[in-house]
Undergrad: 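Quick one: the structure is below, questions incoming.
These figures come from a predicted structure and were not determined experimentally.
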Amino acid sequence: MMRTRQGAFTVALGAVVALAAAACSGSGSGGGSTAGSSATAASKGGTLYILNVGPHNGLDPQQSYVGADLEFANRVYARSLTMYTAGEKPELVPDLATDTGTMSDGGKTWAFTLKGDAKWQDGKAVTCDDVKYGISRTFATDVISNGPTYILSFLDVPEDADGAPVYKGPYKPSAAGDAAFNKAITCEGEKLTLHFKKPWADFNQATASLAAFSAFRKDKDKGANSLFDVFSDGPYMLEGTFDANKGGTWVRNPSWTGGDDLRKAYPDKIVDVEGLTTEVIFQRLLANGGEDKNAITFSSAPASLLAQIVGTTSAKDRTFNPTAPYVNYLTPNYQSAAMKNPKIRQAFAMSTNKDAYVTANGGPQVMTPTNAICNPALACYQDSNPFGAPSAGDPVGAKKVLTDAGITTPVPITVVYRKTATADKAYSALKQTWDQGGFNTTLEGITDKYYRTISSAASKSKDVFSAGWGADWPSGSTDIPPLFDGRINITATSSNQDYGYFNDDAVNKAIDAAYLISDAAEREKAWGAIDAMIVADGGVVPLVAQKFVFVAGSNIKNFEINSLLGGYADFANIAVQ
C-alpha cells in the first residue's frame, strides 16, 4: 500500500510498552475499533481537527501513496470505481460504478459502468471520461510522480525500445501513444473497459485502495501544480488553498448528493493542521482542551510520551493500539559506488542490529524484527535469513565478509532517514554495529518532503535509504512490484518507490511469472519467494513490523480503524457531535 506518513512511534522502556498494550483500548488486530464516546449517537455538525507532523506529501489522487492520505482522499474528496466499507470487516463495494466490476478473458479485461449520480463540486456529472483521464495521468511520469505505477505494466499499451509505454500521458500528446491508450481503455457511454496485457485478477481491489484510479477533471488539471489543488467529487472540498506546511480547511461540497450511506460526512468542517511535532500533538490530545477535544491524528505516539499516555486515566478509553500493516526497511542504493558491490550489501545487512532499532523505538510490544518485506500477517510472508545474522546483527561476521573480499575498511556510507527525535535515536543505535562491522556511517536526517527527496535523481549519490511500506491490498503483488520492479519505477527523474534503484532481470522475470499464477495460495507463495530473492541479494534489509498507538479527543465519536485502508482513522463515520 503505501508509505507511512512518518517514522515509527516509540517508547522508552519495554516494560512500559507492555503496560501500554494492556491499557490501550481498541483493536489489537487492526480491525475496526470505536471510541467509547460513541455511546452517544453521532450527529451532523461541528469541526473535526486533524493534527499532523507535515509537511504534507500531496493531495493529488494520482500522486498519493501515503496510507493516511489515501484513506482521507477516499472518504473526503476523491471517489473511485470501488471502495471498502468501514468497520471491523471492510467489504469491497461499488463507489462510482454500479457494481464491483466484471472480469473476463482470464483477468485481462475489466468492465465497469458508472452510476451517473456523482457530481463534481461545480455540479457537473462525474463521467467515464473523467475516470479514464485520471488513469491517464499516471503515464506522465515526468510530471506525475510518487504515485502507484501498477497501471504502467498492466495496461495493454505497447512499449518503447527502453521498455516504457509508448503513451506518455496527457501532457505529451502523440498520435501513436494516444491511439494505444484509447484502444486499451474505452468509454462507451458510461461503460469503462480496460484491457490488460496480462491478468490482473484483483484489479477491483486496487481501484478501492488506491486514489490513482480516481476520477480527475481534465479542465481542472494543472499538472505538477495540482499537487495541492483539489477539485472534489466527494462530500468535502477545499476552502481556499492548502499549504503543505500549515494545512488547510475542508468544507461541505454543495454538489454532494448526501445520499451515500458509505460516507456519513458528519462534521461540517475538517481542519487539517500540519507542521506539528508528534510530542506536541500527543500532549495536546492528552490535555484534551478546547478544540483539541474534537481532534485526531494520523501520527503514532512518540516514545517519549507513551508512558504518559498509559498514565493518563482520562485517555484510556480514547487510546487505540491497532496492528499496523507497515514494515520498516532499509534499501541500499545500487547507484552508489559502495552499494553496487554485493559483498558490501551483505556486510551491511549482517551488521544491522534490528534489536537495537526495536529498543530505541519502544520494544517488542510495539514492533518486532522481521526478515521480509511482506508483513507477517500476509500469506506471502516467508522468514528468510540468507546471511544467518541474528536480529542483534553480526558485526564481526560482517567485517570478515569485507576483509575476505579485499575491501578496504572502514567503508564510508551515508544512510538517509526521515528525521524525528525518535528516529535520531534509532539510527544512532544502528550506526554502532554498522561501524563495528566495517563501515564509517554518516547519518543524514531529512525533515522536508522526505519521499520526494529520496526518490529524486539528486539523491542517487546516497548509499542507503530508510522507508516504510504496507500492502495496498492483502497480496504480495502490492509489496514486491511497487518497490522492486525497476521497469515500472525507475525513470530519468525519479526512482518512484524503488528508492535503491533495484532492477534485476531474474526478479523481474519472477514477478512476471507470479502474476500468471491463477491459484491465490500458490501466487502468494511465489511472492514470498521473490521477497527472499531480493533479501538474499542485499536489495533490502527488512527491519520491523509495526503497531500504532493513537489518541483521540473526548468529543470524537465513531473512531474506527480501517485495516484495508492503512490502519488509520476511518473518516466514513467519524463525528464530533
Undergrad: Sub-3.5 Å donor-acceptor pair from the side chain of T277 to the main-chain atoms of V280, do we have one?
TA: yes
Undergrad: According to side-chain hydrogen bond (donor to acceptor under 3.5 Å, both in side chains), does anything in residues 216-229 pair up with another residue at least two apart or in another chain? List the pairs.
TA: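 As it turns out, the side-chain hydrogen bond (donor to acceptor under 3.5 Å, both in side chains) pairs with a partner in residues 216-229, which skip direct neighbours, are D122-R217, Y133-D221, R137-D221, Y171-D221, R217-D219, D221-S226, K222-D229.
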Undergrad: Quick one: ring-ring contact (aromatic ring centres under 6.0 Å, His included) partners of F216, sequence neighbours excluded?
TA: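 Scan of F216 (ring-ring contact (aromatic ring centres under 6.0 Å, His included), adjacent residues dropped) gives none.
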Undergrad: Say you draw a straight line from CZ of F571 to CG of N74; how long is it, rounded to the nearest 0.5 Å?
TA: 12.0 Å
Undergrad: Judged by atom type as modelled, is there a donor-acceptor pair below 3.5 Å linking the side chain of R318 to the main-chain atoms of V551?
TA: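 No: the side chain of R318 does not pair with the backbone of V551.
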Undergrad: Could you walk me through whether D498 and S495 pass the side chain to side chain donor-acceptor pair (under 3.5 Å) test, one step at a time?
TA: CA-CA 5 Å; D498 188 356; S495 63; over 6 Å; no
Undergrad: Just by distance, do the side chain of K115 and the backbone of D95 share a donor-acceptor pair under 3.5 Å?
TA: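 Looks like yes, one N/O pair under 3.5 Å.
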Undergrad: Any chance you could measure Y329, atom OH, to I373, atom CD1, to the nearest 0.5 Å?
TA: 6.0 Å
Undergrad: Would you mind listing every side-chain hydrogen bond (donor to acceptor under 3.5 Å, both in side chains) that reaches into residues 242-258, with sequence neighbours excluded?
TA: R252-D268
Undergrad: Can you tell me if T370 uses its side chain to pair, donor with acceptor, with the backbone of V544 under 3.5 Å?
TA: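 Flag not set: sc T370 to bb V544 has no pair under 3.5 Å.
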Undergrad: Distance from H195 atom NE2 to D156 atom CG, nearest 0.5 Å?
TA: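 One gets 8.5 Å once the value is rounded to the nearest 0.5 Å.
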Undergrad: Is the side chain of Y236 donor-acceptor paired with the backbone N or O of P267 at a distance under 3.5 Å, no angle test?
TA: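 Judged by distance alone, yes, a pair lies under 3.5 Å.
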Undergrad: By side chain to side chain donor-acceptor pair (under 3.5 Å), which residues pair with D142, not counting sequence neighbours?
TA: K172
Undergrad: Yes or no on side chain to side chain donor-acceptor pair (under 3.5 Å) for N508 and N503, after CA distance, side-chain angles and deciding distance?
TA: CA-CA 7 Å; N508 291 341; N503 191 10; 2.8 Å; yes
Undergrad: When you look at N57 and D69, which way does the side chain to side chain donor-acceptor pair (under 3.5 Å) test go after all the steps?
TA: CA-CA 8 Å; N57 206 50; D69 297 349; 5.2 Å; no
Undergrad: Once rounded to the nearest 0.5 Å, what's the spacing between atom CG of N562 and atom OH of Y84?
TA: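 One gets 9.5 Å once the value is rounded to the nearest 0.5 Å.
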Undergrad: Kindly state whether the ring of Y568 and the ring of F548 have centres lying under 6.0 angstrom apart.
TA: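 Yes: the rings meet the under 6.0 Å criterion.
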Undergrad: In terms of the angle between their ring planes, are F228 and F242 parallel, tilted or perpendicular, with boundaries placed at 30° and 60°?
TA: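 Taking F242 first and then F228, their aromatic rings lie parallel (interplane angle under 30°).
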Undergrad: Given 3.5 Å as the limit, does a donor-acceptor pair link the side chain of K449 with the main chain of I446, or not?
TA: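 Side chain of K449 to backbone of I446, a donor-acceptor pair under 3.5 Å: no, none is there.
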Undergrad: Backbone N or O of P482 within a donor-acceptor pair of the N489 side chain at under 3.5 Å?
TA: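 Present.
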Undergrad: Please give me the minimum heavy-atom distance between Y150 and T478, naming the atom from each residue.
TA: OH-CA, 2.9 Å
Undergrad: Looking at P481 and I488, what are the two nearest heavy atoms and their distance?
TA: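 Closest approach of P481 to I488, heavy atoms only: O-CD1, 3.7 Å.
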Undergrad: Between K197 and F154, is NZ or CZ placed under 6.0 angstrom from the six-membered ring centre and within 45° of the ring axis?
TA: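 K197 over F154 ring: no.
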Undergrad: Answer yes or no: is there a donor N or O on one side and an acceptor on the other, between the side chain of K132 and the main chain of I185, under 3.5 Å?
TA: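 It does hold such a pair.
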Undergrad: Among residues at least two apart in sequence or on other chains, which ones pass side chain to side chain donor-acceptor pair (under 3.5 Å) with E91?
TA: none
Undergrad: For S477, check side chain to side chain donor-acceptor pair (under 3.5 Å) against everything at least two apart and list the hits.
TA: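 Testing S477 for side chain to side chain donor-acceptor pair (under 3.5 Å), a comparison that skips the adjacent residues, returns S475.
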Undergrad: What pair of heavy atoms forms the shortest contact from A125 to D130, and how long is it?
TA: O-OD2, 3.6 Å
Undergrad: Would you find a donor on one side and an acceptor on the other, under 3.5 Å apart, between the side chain of N328 and the backbone of G468?
TA: no
Undergrad: With a 4.5 Å limit on heavy-atom distance, are the side chains of V273 and L276 in contact?
TA: yes
Undergrad: On a heavy-atom basis, which atom in T278 and which in S300 lie closest, and how many Å separate them?
TA: CG2-O, 4.3 Å
Undergrad: When you check the side-chain N and O atoms of S455 and Y450, is any donor under 3.5 Å from an acceptor?
TA: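 Short answer, no.
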Undergrad: Give me the ring orientation class for F484 and F502: parallel if the planes are under 30° apart, tilted from 30 to 60°, perpendicular past 60°.
TA: perpendicular
Undergrad: Do the two ring centres, one from F320 and one from F550, sit under 6.0 Å apart?
TA: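 So the answer is no for these two rings.
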Undergrad: Using the rule ring-ring contact (aromatic ring centres under 6.0 Å, His included), only one of W469, Y417, Y499 pairs with Y451; which is it?
TA: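 Per the ring-ring contact (aromatic ring centres under 6.0 Å, His included) rule, the option paired with Y451 is Y499, out of W469, Y417, Y499.
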Undergrad: If every non-hydrogen atom of L48 is compared with every non-hydrogen atom of I556, which pair is closest and at what distance?
TA: CD1-CD1, 3.5 Å
Undergrad: Verify whether one side chain among D472 and Y65 offers a donor that lies under 3.5 Å from an acceptor in the other.
TA: yes
Undergrad: If you apply the rule side chain to side chain donor-acceptor pair (under 3.5 Å), what do you find for Y77 with S214, and how did you get there?
TA: CA-CA 10 Å; Y77 65 86; S214 296; over 6 Å; no
Undergrad: Check whether any side-chain N or O of Q121 sits under 3.5 Å from a backbone N or O of S232 as a donor-acceptor pair, and report yes or no.
TA: yes
Undergrad: Under 3.5 Å, is there a donor-acceptor pair between the T207 and S80 side chains?
TA: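 No, because no side-chain N or O of T207 sits under 3.5 Å from a partner of the opposite role on S80.
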Undergrad: Quick check on ring-ring contact (aromatic ring centres under 6.0 Å, His included): which of W200, F203, W527, F196 does Y515 satisfy it with?
TA: W527
Undergrad: Can you name the one residue among V131, T193, L194 that meets side chain to side chain contact (heavy atoms under 4.5 Å, CB included) with F112?
TA: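 Per the side chain to side chain contact (heavy atoms under 4.5 Å, CB included) rule, the option paired with F112 is L194, out of V131, T193, L194.
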Undergrad: Give me the atom names and distance for the closest heavy-atom approach of D233 to L96.
TA: OD2-CD2, 4.4 Å
